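For reference, the structure discussed in these notes is given below.
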Amino acid sequence: MVPSDQLPKNYDFAEVEERWRKTWRDEDNYFDKKSKKSQFVIDTPPPYPTGNFHIGNALNWCYIDFFARYKRMRGFNVMFPQGWDCHGLPTEVKVEEINKITKNDVSREAFRKMCRDLTVKNIEAMRLTLRKMAFSTDWSNEYITMMPQYYGKTQLSFLRMLASGYIYQSEHPVNYCTRCETAIAFAEVAYEDRETTLNFFDFDGVEIATTRPELLAACVAVAVHPDDERYQNLKGKTMKVPLFGHEVPVVQDEAVDPAFGSGAVMICTFGDKQDVHWWKQHNLALRKAIDRQGKMTDIAGKYKGLNTTACRKVILADMEEKKILKRQEKLAQRVGTCWRCKTPIEILSEKQWFIRIKPDEILRAAHQITWFPEHMLLRMENWVEQMEWDWCISRQRIFATPIPVWFCTKCGEMAVPDEKDLPIDPTLVKPKLPCPKCGSTSFSGEVDVLDTWMDSSISVLNVTGWDGNGNPPYFPAQIRPQGHDIIRTWAFYTILRSVALTGQKPWDEILVNGMVLGEDGFKMSKSRGNIIVPEEILSKYGADALRQWGAMGAATGSDIMFNWNDVVAASRFQTKMWNITKFALIQLGKGGFDEQSPVTALADRWLLVRLSDTVEQVSAGMEAYQFDVALKAIREFAWDVFADNYIELVKGRLYQQDVSRGSACLVLQTAFDALCRMLAPFTPYFAEECYSYLKGESVHAQPWVTFTYEDEAARREGDLLVQVVAGIRKYKHDAGLALNAPLGKVTIYAPHTVNDEGDTGRTLNADVYWRTDVAKLDRVITDIDFNRSVVGPTFRKQAQAFMTAVKALSPGQLEKPPKTIMLDGVETAVPENAFSPKFSYMEEGAKVDVITVGDVIVTIVKK
Ligand SMILES: [Zn+2]
Ligand SMILES: [Zn+2]
């Protein structure tokens, strides 16, 4: 143990945290492939390398680190890898911004290099934040999805799923962002409420309402309900599309709502999902009126080249001129938008790559996983059950994993590379063999690239050692921690891919964390100005305080509102704990106690009982990923039980040199050691600092606390002891006495004997007598309280006389006042509430103060 005079007076988090960060070795957190211990593999989320590790990430990683550290202390072989999910549009946009170019100004390869360089720089910055926050990352298992080692696996997984029929290419309507110029998946469609105009116009004699008149060029049919009397005559007819003149069939469909507008609707390719449905159902023609840039195509005739908004205006003007626009109404509408750029999505029919979704096998696997909190499984179920379209995995972008296929330019046959040649870019290399069908050697490489979720949805396969040869050695992983905002994407896609590639669930458990809201209760956003960055908290209060905030904020899975007060409270707790540390180390440093000697005193046994309770609560909290429950139990024990009750009670005993001092020292050491170890997952720097003074070893190399102690008598009597002492201390405080001021004689009448080894007397600075008999107290009236607001107005000049008369009453009359009293010879009524007697107690002839604590009566003879 370090001499106590070397302990700094105040805890300097900045100095301590930096010192330990430089001392700790990465190797101590490596997953040991040769270990015989049970594995605990974490499928850590790979964040997008924006350069800023945001507060939502911080919360998620706090959770991960709490259980990673806990599991290590529990003897597991833990893998806490760190990945980086690099590909995607935001980086492309950033590169265009920084270099003042567009992606088309340079070659694909040059553009990719710019994206890679920016990503490398951003990863470097984020790694530093991870280290500052003391996350016990396994850096030997870091992966970066844009690196060949990783995206080679993405390509391998693509080829395997292509071979097994999960992946296919097809022309099919897809969600398309015309600003990003790429297809997107349903999971990437956000929804916004907005107001639009519903336009009623004459469609060849029938009134039709539409919010998107610019789609008139893409009109392929008019639909009515089969039972609608009004349109029986249209059965089997065609109608002429206004302004464009092409003929379209009238179809009958139960899904048409006869009560909406005129009951007739136009079907366009494609206005919405319903159009796609009808288009398939009735086998209608395909008219592409909007292209990939969101401009009108050839079939739009004179409107060709206009964007959709401009086209809408012109068409409406033309309708008005032709007098076919009848009226317009405002309409509230939910519109699907691109989740990255908020542009309203179009549904375009495109040749794209898809993954077949098999809801049953995904649900089966989802049900084999334990969900924390449990209700998050419902979100997955709901999502899977409403799935209608397959997952579109091709993107028309650049910075992404290339789709590893070629097409023969002569016969169109598809060629794939040999698995051992992966990774490849089919736009840069050619197939090694000629076309198997026609023998041609002329190929064109696929220019579409893969959705980034194709990379990140094999993160678990990557960390568990998947290489395509059989099941990965460490698969399935034990846990997937992630936010509830990506259940439909990352969790869903990962389950899908694991089942498709291995036939198994990806993890045993999934832990879903909430979002972090700003101090105003709203989602953090630049426009609200309520963004809190972890670096700011780190510099003001340190990593341990930020980590405590993460644990205490809310139950796992709930959203957390950020609150500076919580961080301040966390920092105060460290100050309190540092004072406890100093006290404990100074006392223990004096030595003179035998670690083998028994714990005898009541307060000591009581503390061990409470410690045992706390260990049980904290362990249960950690096992169930309820970090708020665990840390709350630690804080309450440290602050209320240990510091405010126990230490105050035994201080006096520790200052003297006799046998019972050893018992207190032993308990002090046991409790302090346990506190350090229980705090280690939450406040790794602080716990390390305290423990190093106590034992000169790393707390993170210690096993988890398994202390148990049963002593029902100690619990019962000890609870009584601390309650009584607290009651008397409050009495001292209320009487204006210093807590260490001498008190005199204190007699405590308790229901059972309490042998406190003199702790009560020393802590109260009083002569304390514990008794189990009944207190014999005489109640006497020592004074009278007059209610002047009653006496004054009632008796006026006679008030003094009234009070004199009352004082002359007998004790019995004072307790039960007479109805009248003689005043100057006149019988006068005694008003209610005019006075009340003041009682005092006498015990064995001495005046005593009496307080009660539950059933316990305490008499005090002041000095
Ligand atoms: Zn977009
Ligand atoms: Zn061919």
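Counting starts at 1 for both ligands and their atoms, in listed order. Values in this document were obtained by computation on a predicted structure and should not be read as measured data.
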>> I need the SG(Cys338)-the Zn ion (ligand 1)-SG(Cys341) angle, rounded to 10 degrees.
In response: 110°
> the Zn ion (ligand 1) as vertex, arms to SG of Cys177 and SG of Cys180: angle to 10°?
Replying inline: 110°
>> Side chains of Gln396 and Gln352 only: does a donor on one sit below 3.5 Å from an acceptor on the other?
In response: yes
> Given SG of Cys438 on one side and SG of Cys435 on the other, what angle do they make at the Zn ion (ligand 2), to 10°?
Replying inline: 110°
> Can Glu181 and Arg395 be counted as an ion pair, charged N to O under 4.0 angstrom?
Replying inline: no
> With no hydrogens and no angle check, is any side-chain donor or acceptor of His172 less than 3.5 Å from a backbone partner on Cys392?
Replying inline: no
> Does one side chain, of Arg292 or Thr178, offer a donor that lies under 3.5 Å from an acceptor on the other?
Replying inline: no
